[in-house]
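Everything below concerns the one structure shown next.
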Amino acid sequence: MIDPQPDWNALTAQAGDLLRRLFPLCRSITGDGLRATLNLLRQTTDFSLTEIPSGAVCYDWIVPDEWNVRDAFIADSKGRRIIDFKANNIHLVNYSIPFEGTLTFDELVPHLHTLPDLPNAIPYRTTYYDRTWGFCLTHEQFQKLDKKEKFHVLVDATLAPGNLTYGDALLPGKSGQEYLISTYVCHPSLANDNLSGVVLWTLMLSELRHRTLWNSYRFIIAPETIGALAYISRNEGAVRRLSGGYVATTVAGPGRFGYKSTWRGDSVIDRAVRLTFKELGLDFIEYPFDVNGSDERQYSTPGLRLPVGTICKDKYYEYPFYHTSLDNLDFISAGNLVETLKLYLLAIEKLEQNRTYRSLNPIGEPMLGKRGLYPQTGGAIKQKLASADIHAERGYVVDAGNILYGIELDAIRWVLFYSDGQTPLMEVAEQTGLPMKQLHEVAEKLAATGLLEEVRASTC
Ligand code: ZN
């Protein structure tokens, strides 16, 4: 990919704007909040929307009725709202059925959810497939409830046949390899899980759309589980042809970067991420594959077996504010989100550069000097080397998140050495410690002089 560097400051401003505008919307696995979110994202970059009707069968699952909420609250006998959906939409258990009534404290309590260990946080709860209603509140709010009070409860919601909405876009490439970039968009006002992933997915689509791509990328944005299954059931052939991919989730917290590996653990999806962290000299936590998680659960099932990984920053399950009202816009930042976006883009760049070459001069080293390939003194290393942090042991440098260059003659010799028609550049980078970007540039230069030819090889 010979492309200009993204304008990171502009992307950060754009991420911040999207986070602020989307955070208040009441999303769910169906409904108008989901549609409004997808339509707002489409103002940033276009993708298709598909509506799947309630009752549609998606393998072992059925698309539920569509859920929409106008209002919901618990009021005291004077009509004062104690718990108000309009103040924070996670106060209402997501997918609560319509209800209106006056209840005693004892009658109300079975419908309330709190977190005694995090008493100032509202928990996030759902009841997609169990038809009931409930409210979530802080434990501090709960302890202030008057046990002698009569509570007026209203859940002004509809749960009726409608549709589940998902979005997708295909960015075409030439290699014959196609990768998945997926995220889930069903969580309401929760920032890291997963508004951050939704915004990152959108900016990544917007960014890659302007590049000349070698591989194809299938972008899917859907409600978690049922939305992914709805997509797969309507596009099974296309999903089967995928070589693997990433699920973007929990990407903007203040904590450490993490990587949840694919079920295979050693696919190009995993190796591209590990190389990215290694080349940047960045510390991260590696989480082994687990059957708990996000939509990689669906893509990894026996009938599909796609290797799907996740780069995150404060991974779901791991941070104390997970699935609570404290996972809000104060917890995350647009800057963190864009730092993780850089990692995804660098990992994808590695998938783009993972070409395999065959030497057309396979016996004996080719004479570089007569082709102008033998670097002149002072020209062997890019000029930025002098001012950047030198990773001397590997011979390459990192500056402001961009992997730079090592000694070009080394890169030329290693690429020539491994041009046996069987060794992709990702393996060359792993074996030599040289930056993949440089190996790719050198290989293209050698191919242009007729010393190498590219061969098509399975890269997964
Ligand atoms: Zn979640």
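Quick caveat: nothing in here was measured; it's all calculated off a predicted structure. Read the numbers this way: they start at 1 and go in the same order the structure lists the ligands and their atoms.
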Practice task
Could you give me a count of protein N/O/S atoms that are under 2.8 Å from the Zn ion (ligand 1)?
Solution key: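 My tally for this metal is 3.
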Problem - Cationic N near anionic O, under 4.0 Å, Lys342 to Glu207 - result: no
Problem - Ion pair Arg81/Asp71, N-O distance below 4.0 Å - result: yes
Go through the side-chain N and O atoms of [X] and [Y] and say whether any donor and acceptor fall under 3.5 Å apart.
| X | Y | result |
| --- | --- | --- |
| Tyr59 | Glu236 | yes |
| Tyr231 | Arg218 | yes |
| Thr138 | Asn120 | no |

Practice task
Only one of Phe142, Trp133, Phe151 passes ring-ring contact (aromatic ring centres under 6.0 Å, His included) with His111; say which it is.
Solution key: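 Of the listed options, the one satisfying the test is Trp133.
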